[in-house]
Amino acid sequence: MIQITFPDGRKREYPEGTTGMEIARSISQNLAKEVYSISVNGEVWDLTRPISRDASVKLHKWEDEEGRHAFWHSSAHLMAEALEKIYPGIKFGIGPAIENGFYYDVDPGEGRSISDADLPAVEKTMMELAAKNEIYTRKPVSKPEALAYFTGKGDPYKLELIRDLQDGEITLYNQGDFVDLCRGPHLPDTSSIKAIKLLSVAGAYWRGNEKNKQLTRIYGITFPKQKQLDEYLEMLEQAKQRDHRKLGRELELFTFSAKVGQGLPLWLPRGAMLREKLEFFLRKVQMAHGYQQVITPHIGQKELYVTSGHYEKYGKDSFQPIKTPIEGEEFLLKPMNCPHHCEIYSSKPRSYKDLPLRLAEFGTVYRYEQSGELHGLTRVRGFTQDDAHIFCRPDQLKEEFLKVIDIIFIIFKALDFNDYIAQVSLRDPNDKAKYIGSDENWEKAESAIIEAAKEKGLKTVVELGEAAFYGPKLDFMVKDALGRKWQLGTIQVDYNLPERFGLEYIGSDDQRHRPVMIHRAPFGSMERFVAVLLEHTAGKFPLWLAPEQFVIMTISDKFNDYAEKVLKLLNNSDIRGFFDNRNEKIGKKIRDNELRRIPYLLVIGEKEMESQTISLRKQGEGDKGAMPVEEFARFVQEEVKRQLQILD
RNA sequence: GCCGAUGUAGCUCAGUUGGUCAGAGCGGCUGAUUUGUAAUCAGCAGGUCGUGGGUUCGAUUCCCUCCAUCGGCUCCA
């Protein structure tokens with residue numbers, strides 16, 4: 001007998017070789033139907049794998065990531081089985097479970113391709129196979145056996161994967177006629193896979209390397225119940241409604257023009273107002289934190305970027321230099337503000353007493369992003385960074401870094417961004433050639449970031465190879481409506497540019513010293529920030545940010561004069577809004593302005609004119625009753641003040 | 001840049017197996033209506049069916065190029 005310990009600490013005896021499924025059944029038959037995998041001493045196993053020693057276990061249902069993972073991973077195998085039936089000779093790459101569903105990378109073979117239109121047939125075959133209740137069987141094999149099998153099958157990608165594996169840790173799984181190299185775990189059989197949707201087809205480079213062959217990646221998702229699939233698809237539809245590209249058009253915030261050029265956003269009046277308010281907000285925060293605004297040009301001599309290293313790193317695949325007509329001097333559209341700010345630093349001798357020097361600029365930069373990369377406002381070719389560079393003494397670095405984190409917290413709090421990921425982006429230790437600067441400087445910079453994040457109690461994830469070429473970063477990532485992660489705020493420690501630009505200050509010892517630089521942008525870029533904000537709020541901005549805070553609507557045009565008077569009064573009270581003077585019924589005007597996400601709708605008719613009031617409607621909440629005009633003005637001012645309290 | 005898909009009026013979308021096939025709703029304009037809390041009615045104007053080429057007696061429809069967009073991959077200072 002072996003002793004099994006459950007998560008709640010209870011222990012129970014089972015015969016040696018018992019399986020997860022048997023343990024589940026011993027608790028209840030219903031449970032047995034709902035579990036998909038089991039953790040044995042922290043390792044996730046198949047439910048059918050015999051347990052031969054005392055162990056701590058946890059059974060995983062759909063609600064657990066481990067349960068869904070096994071479900072989707074098994075679904076990927078099921079899809080592969082179906083693909084092999086429909087496309088004999090198809091080659092397989094990798095087919096993992098992902099956050100929402102699974103994918104499999106396949107090579108359909110010369111002259112064959114798979115497109116969206118082919119997916120329903122694959123789905124159908126998967127359904128048929130699933131209904132056969134095929135059993136997933138695990139089989140440990142030796143490396144030579146594994147190599148022999150896939151050589152026989154002629155699957156070069158699997159062979160490549162096997163070569164990187166250690167003998168003794170290789171397992172094959174099969175269900176029906178399909179055999180795959182796989183670590184597992186898997187479902188006991190295919191019977192629980194009841195609802196299948198293959199979502200999309202995409203190209204994906206083998207092993208994520210651009211130089212390798214591009215395989216066809218098929219994304220799909222499966223569920224134990226049809227209802228869950230319906231709900232998931234409904235959720236995707238809902239997310240589409242919050243897409244910032246759709247909302248940007250509907251709310252008339254921004255647009256694009258193929259004539260102007262792809263990836264170059266045009267901000268419409270309402271969008272410009274929104275940006276102005278965001279900038280105003282950050283300016284105030286920064287002023288309180290000792291920043292000084294500067295302004296620099298949109299271009300700079302090519303030499304400037306040769307000095308900074310940007311030219312060597314990005315010059316060839318970037319917008320190419322523009323030239324003066326007579327002298328032929330070369331200038332670059334600025335891809336970064338830091339070199340300009342470095343030159344401001346060195347415009348006069350600096351003393352240790354001047355530091356830290358915090359130079360801020362809403363700097364518009366231009367970068368050549370690959371055409372396939374452009375995406376609404378989140379990935380563009382021209383954008384404005386809420387940039388600043390802090391030049392400080394090494395002994396001030398940590399404190400300055402912590403203060404920047406505070407600013408990011410202030411912003412995220414004011415805009416209700418609670419769901420972010422703090423990512424420590426370090427350099428790839430195996431590819432140091434990608435970066436400039438000495439190991440010593442990198443180590444100093446990386447440990448400064450890690451320490452600061454720790455001190456702030458930030459829960460961080462560490463990503464190797466995600467650093468900027470001149471220094472490591474602390475990035476704040478936020479998800480969009482469809483769960484795609486975007487980097488917003490960023491803080492970067494940089495010992496390298498000060499060196500390249502020969503920046504110095506005179507210390508208290510009367511000697512020359514080198515300052516350290518912090519690059520930081522709490523919003524990241526105005527464009528991307530607005531995009532993510534739009535998707536988070538579905539266009540319902542907080543009152544202080546709303547491009548239009550109120551709209552006046554009259555019951556009939558008999559009250560237009562009074563409405564004009566109210567409009568003037570409110571505008572004079574520094575409240576933004578307009579008079580919807582269309583000759584429409586009140587219901588129509590309410591509907592239209594609700595859809596435009598105007599926070600306050602003011603209805604004016606006979607009663608209101610007589611009593612010098614307005615009838616107030618709050619967006620999404622309906623009628624709030626009558627209110628004197630002055631009171632409404634105060635009410636709005638106070639709400640804005642309350643929302644911006646964080647600035648005080 | 002790569003793989004796959006899409007592109008019909010300002011927006012959302014119908015339509016043509018190549019031949020009265022250029023349509024609807026919303027939006028816009030004009031008029032009527034003077035309205036009480038999520039769509040008043042009527043009329044009118046809008047499109048060289050993304051662009052350029054080709055096949056054909058004939059192309060919005062078939063083929064190619066380019067442009068833009070969408071889903072991914074790679075990249076992201």
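Just so it is clear: chains get the letters A, B, ... in the order the sequence lines come, proteins before strands, and each one is counted from 1.
No hydrogens or angles were tested; on distance alone, a donor-acceptor pair under 3.5 Å links the side chain of A:Gln214 to the base of B:C2. Remark: the A:Glu608 side chain and the B:G36 base include a donor-acceptor N/O pair separated by less than 3.5 Å. Below the 3.5 angstrom threshold, one finds a donor paired with an acceptor across the side chain of A:Tyr205 and the base of B:G1. Side chain A:Gln262 to base B:A68: no donor-acceptor pair is found below 3.5 Å. With hydrogens and angles ignored, no donor-acceptor pair under 3.5 angstrom links the side chain of A:Arg207 to the base of B:C73.
There is a side-chain donor-acceptor pair under 3.5 Å between A:Asp494 and A:His519.
In this structure, A:Tyr470 reaches the sugar-phosphate backbone alone: every heavy-atom distance under 4.0 Å involves primed, P, OP1 or OP2 atoms, never a base. Residue contacts for A:Gln370: at a heavy-atom cut-off of 4.0 Å it reaches a base atom on one of the strands shown.
Side-chain proximity of A:Arg245 to the nucleotides B:C73, B:U37, B:G71 is greatest for B:G71. Closest to the side chain of A:Lys588, from the set B:U34, B:C73, B:U40, is B:U40. In the set B:U40, B:G72, B:G36, B:G36 carries the atom at the smallest distance from any side-chain atom of A:Lys607. Checking B:A77, B:U12, B:U37 against the side-chain heavy atoms of A:Arg249 singles out B:U12 as nearest. Out of B:G72, B:A68, B:A77, the shortest distance to the side chain of A:Arg484 is found at B:G72. For A:Arg367, whose side chain is taken as the heavy atoms from C-beta onward, the closest listed nucleotide among B:U37, B:A39, B:C76 is B:C76. Ranking B:A38, B:G1, B:G36 by closeness to the A:Ser371 side chain, first place goes to B:G1. Listed nucleotides B:G4, B:G36, B:C76 differ in distance to A:Asp116; the shortest reach to its side chain belongs to B:G4.
For A:Tyr600 and A:Phe635, the distance between ring centers is under 6.0 angstrom.
Under 4.0 Å is where a charged nitrogen must lie from a carboxylate oxygen, and between A:Glu466 and A:Arg427 no such pair does.
Residues A:Met553 and A:Ile590 are in side-chain contact: their nearest non-hydrogen atoms beyond the backbone lie under 4.5 Å apart.
Base orientation for B:G54: anti, the chi torsion being more than 90° from 0.
For the pair A:Pro297 and A:Lys334, the tightest heavy-atom approach, listed with the atom from each and the gap, is O-NZ, 3.1 Å.
Using a 5.5 Å limit on the distance between ring centres and a 30° limit on the angle between planes, the aromatic ring of A:Tyr314 counts as stacked on the six-membered base ring of B:A77.
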